[in-house]
Peer 1: 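Quick one: the structure is below, questions incoming.
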Amino acid sequence: MQAIYENWRHVFKLDPDREISDGRLEAVCMSGTDAVIVGGSTGVTFDNTVDLMSRIRRYEVPCALEVSSEEAAVPGFDHYFIPLVLNTDRAEWLAGRQVEALRKWGAFIPWEDTSAEGYLILNADAEAAKLTGARSPLDAETLAAHVYMADRLMRLPIIYLEYSGKFGDMELVKRAARLASGAQVFYGGGIDNAGKAREAAAAAHTVIVGNIIYEDLEAALATVAAVAEVPFGR
Ligand code: 1GP
């Protein structure tokens with residue numbers, strides 16, 4: 001069975017903890033992006049997640065939730081992504097909190113619509129890096145080892161190279177995507193114009209655009225067409 005995200009090349013990520021007007025949300029949802037992911041590192045609650053989901057649901061765009069806390073797991077999304085942070089020594093972010101949540105909710109999870117993401121947080125200044133104690137940056141060989149771990153040993157369906165807030169090293173991203181034999185490589189971080197979107201689209205399977213939506217909507221919207229221009233063979 002084909003995963004819903006398999007053909008996603010461009011994704012907008014919206015943070016439930018940030019305000020977005022109806023007009024701007026409409027522009028994002030009608031932009032031609034392949035999907036919207038709802039997620040954030042801090043301040044994500046059940047209420048602000050339900051609220052954002054129901055507003056996105058006015059549009060046809062596929063809508064997924066990246067579940068980063070048990071309290072904010074809201075039913076009704078098309079797909080659920082569960083991040084497992086691979087480059088941290090704090091096991092709670094790899095399989096600790098997740099196991100705690102599964103003890104309670106494991107029997108109720110829509111497994112067909114749920115995928116694990118092997119998260120590599122590569123910008124030490126990112127909120128998520130501080131929160132999880134991510135070891136970053138990683139040199140090329142260490143990154144490659146993490147890709148082998150995620151892709152070959154753990155056989156995770158997705159590897160998420162997270163540079164949140166900073167445009168990453170596209171050579172590293174390219175290398176990771178080339179090494180991944182089964183995993184789909186998501187790239188996110190610092191895409192704030194069409195040029196960076198094109199570069200990221202040439203390096204990764206899927207490009208995720210977040211913050212610029214809130215800073216410069218026109219620039220954010222321009223990334224959709226930019227990614228569509230770049231062919232990518234898996
Ligand atoms: C954040 O990877 C996404 O989780 C996107 O990053 O906000 O820097 O675009 P930016």
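Quick note: residue numbers are just sequence positions, from 1. Note that ligands are numbered from 1 as they come in the structure, with each ligand's atoms numbered from 1 the same way.
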Peer 1: Going by distance only, is there an N or O of Y119 that falls short of 3.5 Å from an N or O of ligand 1?
Peer 2: no
Peer 1: Answer yes or no: does an N/O atom from I191 fall short of 3.5 Å to an N/O atom of ligand 1?
Peer 2: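 I191 vs ligand 1: no N/O contact under 3.5 Å.
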Peer 1: Using a 4.0 Å cutoff against the non-hydrogen atoms of N211, which atoms of ligand 1 qualify?
Peer 2: 7 (O), 9 (O), 10 (P)
Peer 1: Would a single hydrophobic cluster contain both V209 and V173, if residues Ile, Leu, Val, Met, Phe, Trp and Tyr are joined by side-chain heavy-atom contacts under 4.5 Å?
Peer 2: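 Yes, one cluster joins them.
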Peer 1: May I ask you to decide whether K174 forms a salt bridge with E199, counting only side-chain N to carboxylate O separations under 4.0 Å?
Peer 2: no
Peer 1: If you measure every N/O of G210 against every N/O of ligand 1, is any gap under 3.5 Å?
Peer 2: yes
Peer 1: Quick one: does Y160 get a heavy atom under 4.0 Å from ligand 1?
Peer 2: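 Flag set, Y160 near ligand 1.
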Peer 1: For E60, does the CD atom have more than 12 heavy-atom neighbours from other residues, nucleotides or ligands under 6.0 Å away?
Peer 2: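 12 or below, so no.
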Peer 1: Is the number of heavy atoms from other residues, nucleotides or ligands within 6.0 Å of CZ (R155) greater than 12?
Peer 2: no
Peer 1: Between Y5 and F81 (judged by ring centroids, cut-off 6.0 Å), do the two rings come close enough to count as a pair?
Peer 2: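 So the answer is yes for these two rings.
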Peer 1: Quick one about N123 and S164 (side-chain donor to acceptor, distance below 3.5 Å, no hydrogens or angles considered), yes or no?
Peer 2: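 Per modelled atom types, S164 and N123 side chains form no pair under 3.5 Å.
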Peer 1: Can you check whether S164 has an N/O within less than 3.5 Å of an N/O in ligand 1?
Peer 2: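 No; every N/O pair is 3.5 Å or more apart.
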Peer 1: Looking at G190, which atoms of ligand 1 are within less than 4.0 Å of one of its heavy atoms?
Peer 2: 8 (O), 9 (O), 10 (P)
Peer 1: Starting from atom 4 (O) of ligand 1, which protein heavy atom do you reach first, and at what distance in Å?
Peer 2: E162 OE2, 2.5 Å
